Amino acid sequence: MISLLLLGTAILAALPGISCAPVKDTKCGCGSSLPEGIELDKSVNLTISSSSGVATRGYRLHLPKSYDTIQKVPLILSFHGRGKDAKFQEELSQFSNATYGFDGISVYPEGIPTSKGTQQWQGDPNFPSSINDVAFTLELLDDLQKTYCIDTSRIYAAGKSNGAGFTGVLACDAEATKRIAAFAPVSGAFYLGTDQELPPCNPSRHPIPIMEFHGFKDTTIPYAGGINTRGNANSTNMVTWVDDWAKRDGFQVTANKTSYLCSENKKVTRYSWNETVVHYNYTNLYHDWPSSFPNGDTVKALTCEEAEATSIILEWLKKWSL
Ligand SMILES: *[C@@H]1O[C@H](CO)[C@@H](O)[C@H](O)[C@H]1NC(C)=O
Ligand SMILES: *[C@@H]1O[C@H](CO)[C@@H](O)[C@H](O)[C@H]1NC(C)=O
Ligand SMILES: *[C@@H]1O[C@H](CO)[C@@H](O)[C@H](O)[C@H]1NC(C)=O
Ligand SMILES: *[C@@H]1O[C@H](CO)[C@@H](O)[C@H](O)[C@H]1NC(C)=O
Ligand SMILES: *[C@@H]1O[C@H](CO)[C@@H](O)[C@H](O)[C@H]1NC(C)=O
Ligand SMILES: *[C@@H]1O[C@H](CO)[C@@H](O)[C@H](O)[C@H]1NC(C)=O
């Protein structure tokens with residue numbers, strides 16, 4: 001009996017891509033068949049029970065067509081903006097869209113509703129201190145790692161607006177930075193506290209790869225920072241925010257700056273510190289997820305294909321693993 005079991009796990013361990021410990025590891029979903037109701041390339045809403053302060057938390061899950069229960073794949077978390085939801089974020093960030101070629105699992109967590117029904121994330125000035133979205137995120141990763149065959153060294157986080165602000169919260173969290181390899185906030189809402197300072201940032205490793213995208217015409221979370229539309233908090237100036245990350249990541253040198261012109265009025269300026277801290281400034285964009293086609297944001301302006309956030313993020317993430 002015991003030797004049979006050992007033989008079984010030995011075979012499992014010999015299969016390529018399998019990362020489970022020799023003794024059946026309950027924290028590893030490699031080799032497990034798909035849960036009932038889960039199909040490849042078909043997004044589905046799911047929930048977990050959570051200690052985050054709200055007992056049941058939701059998320060939307062997409063497994064790529066190529067998913068194989070014995071092959072480890074990367075995972076990307078994509079957090080929606082305030083007032084939006086997981087399904088909206090899936091359409092906005094396009095990580096489930098096979099055209100962009102992501103061969104991993106994409107996960108779109110749901111924020112918690114406010115009294116007005118608006119969904120939001122930790123980092124927003126109205127967010128209740130009784131709720132811990134970092135705890136939810138880590139619980140969600142535990143659950144996903146138990147159920148699916150995930151390369152735990154290649155877990156990433158992206159988000160839009162308040163969801164991007166929360167991506168920044170994760171990038172500053174000691175536990176989350178042990179689990180998440182790289183971060184990609186888009187039109188990030190990085191709020192200052194009442195002391196007009198950014199909250200403390202304590203990642204547990206250095207450097208933290210982080211890439212931010214911002215429209216220079218953003219009026220919701222202005223490039224230059226300042227008061228938000230609700231008038232209850234200031235966001236940071238993006239140049240200050242990016243410089244802070246470059247410093248925190250140990251770069252003393254100035255960024256490499258490149259610019260390109262998609263077409264008239266569509267200049268994109270890119271800053272890079274050794275590709276680790278990267279920032280895009282879009283001359284013609286507002287509070288948008290940079291895209292070459294209308295994508296669910298109130299798109300007042302588009303960018304060219306080569307400056308689409310989705311493909312830039314997915315290409316850049318390939319560099320990073322824990
Ligand atoms: C899944 O969640 C989205 C919000 O993220 C909602 O709009 C949609 O109706 C839900 N779908 C189902 C089948 O419940
Ligand atoms: C997938 O991406 C392509 C190329 O960007 C786009 O044309 C298409 O509309 C997207 N599909 C969906 C369902 O959003
Ligand atoms: C926003 O910043 C301005 C200028 O520093 C300051 O006067 C104002 O009190 C700040 N507002 C909030 C809500 O923090
Ligand atoms: C720059 O990146 C390369 C490749 O990732 C790495 O080997 C090198 O240590 C980095 N240099 C600095 C100063 O971070
Ligand atoms: C700028 O680019 C050069 C050439 O690719 C590279 O050697 C250098 O490390 C880069 N500097 C920064 C700050 O990324
Ligand atoms: C961002 O782009 C705008 C518009 O082209 C430009 O005026 C501004 O100086 C740029 N800022 C930075 C830091 O690149």
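Both ligands and their constituent atoms are indexed starting at 1 by order of listing. Positions are given from 1, in the same order as the sequence printed here. All values reported here derive from a predicted model rather than from experimental measurement.
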Atoms of ligand 2, numbered as shown, that sit under 4.0 Å from any heavy atom of Phe293 = 5 (O), 6 (C)

Part of Gln94 within contact of ligand 2 (heavy atoms, under 4.0 Å) | side chain

Examine ligand 6 and decide if any of its atoms is less than 4.0 Å from a heavy atom belonging to Tyr282.
-> no

Which atom of Tyr59 lies closest to which atom of Pro109, heavy atoms considered | CB-CA, 3.8 Å

Any ion pair linking Asp249 and Arg205 (charged N to carboxylate O, less than 4.0 Å)?
-> no

Is the closest N or O pair between Thr269 and ligand 6 shorter than 3.5 Å?
-> no

Just how far is it from atom OG1 of Thr240 to atom CZ of Phe190, taken to the nearest 0.5 Å?
-> 12.5 Å

Under 4.0 Å from one or more heavy atoms of Asn97, ligand 2 contributes atoms 1 (C), 2 (O), 3 (C), 8 (C), 10 (C), 11 (N), 12 (C), 14 (O)

Report the residue from Lys27, Gln145, Lys72 that forms a side-chain contact (heavy atoms from CB on, under 4.5 Å) with Thr152.
-> Gln145

Is a salt bridge present between Lys87 and Glu91, judged by a nitrogen-to-oxygen distance below 4.0 Å?
-> yes

salt_bridge(Lys84, Asp297) N-O dist < 4.0 Å = no

Taking both backbone and side-chain atoms of Asn281, is any N or O found less than 3.5 Å from an N or O belonging to ligand 6?
-> yes

Quick one: do Asp103 and Lys65 make a salt bridge, cutoff under 4.0 Å?
-> no

Per-atom filter on ligand 6: closer than 4.0 angstrom to a heavy atom of Tyr223 are 12 (C), 13 (C)

Against heavy atoms of Tyr100, which atoms of ligand 2 measure under 4.0 Å?
-> 2 (O), 5 (O)

Check each atom of ligand 6 against the heavy atoms of Val239 and keep those under 4.0 Å away; list them by number with element.
-> 13 (C)

Below 3.5 Å only, please: the N or O atoms of ligand 4 paired with protein N or O atoms, distance on each line.
{"residue": "ligand 4", "atom": "2 (O)", "partner": "Asn274", "partner atom": "OD1", "Å": "3.4"}
{"residue": "ligand 4", "atom": "2 (O)", "partner": "Asn274", "partner atom": "ND2", "Å": "2.4"}
{"residue": "ligand 4", "atom": "11 (N)", "partner": "Asn274", "partner atom": "ND2", "Å": "2.8"}
{"residue": "ligand 4", "atom": "14 (O)", "partner": "Asn274", "partner atom": "ND2", "Å": "3.3"}

Could you point out which residue of Glu308, Glu306, Glu305 forms a side-chain hydrogen bond (donor to acceptor under 3.5 Å, both in side chains) with Ser292?
-> Glu308

Is the SG of Cys149 found under 2.5 Å away from the SG of Cys28?
-> no

With under 30° as parallel and over 60° as perpendicular, where do the rings of Trp121 and Phe166 fit, or are they tilted in between?
-> parallel

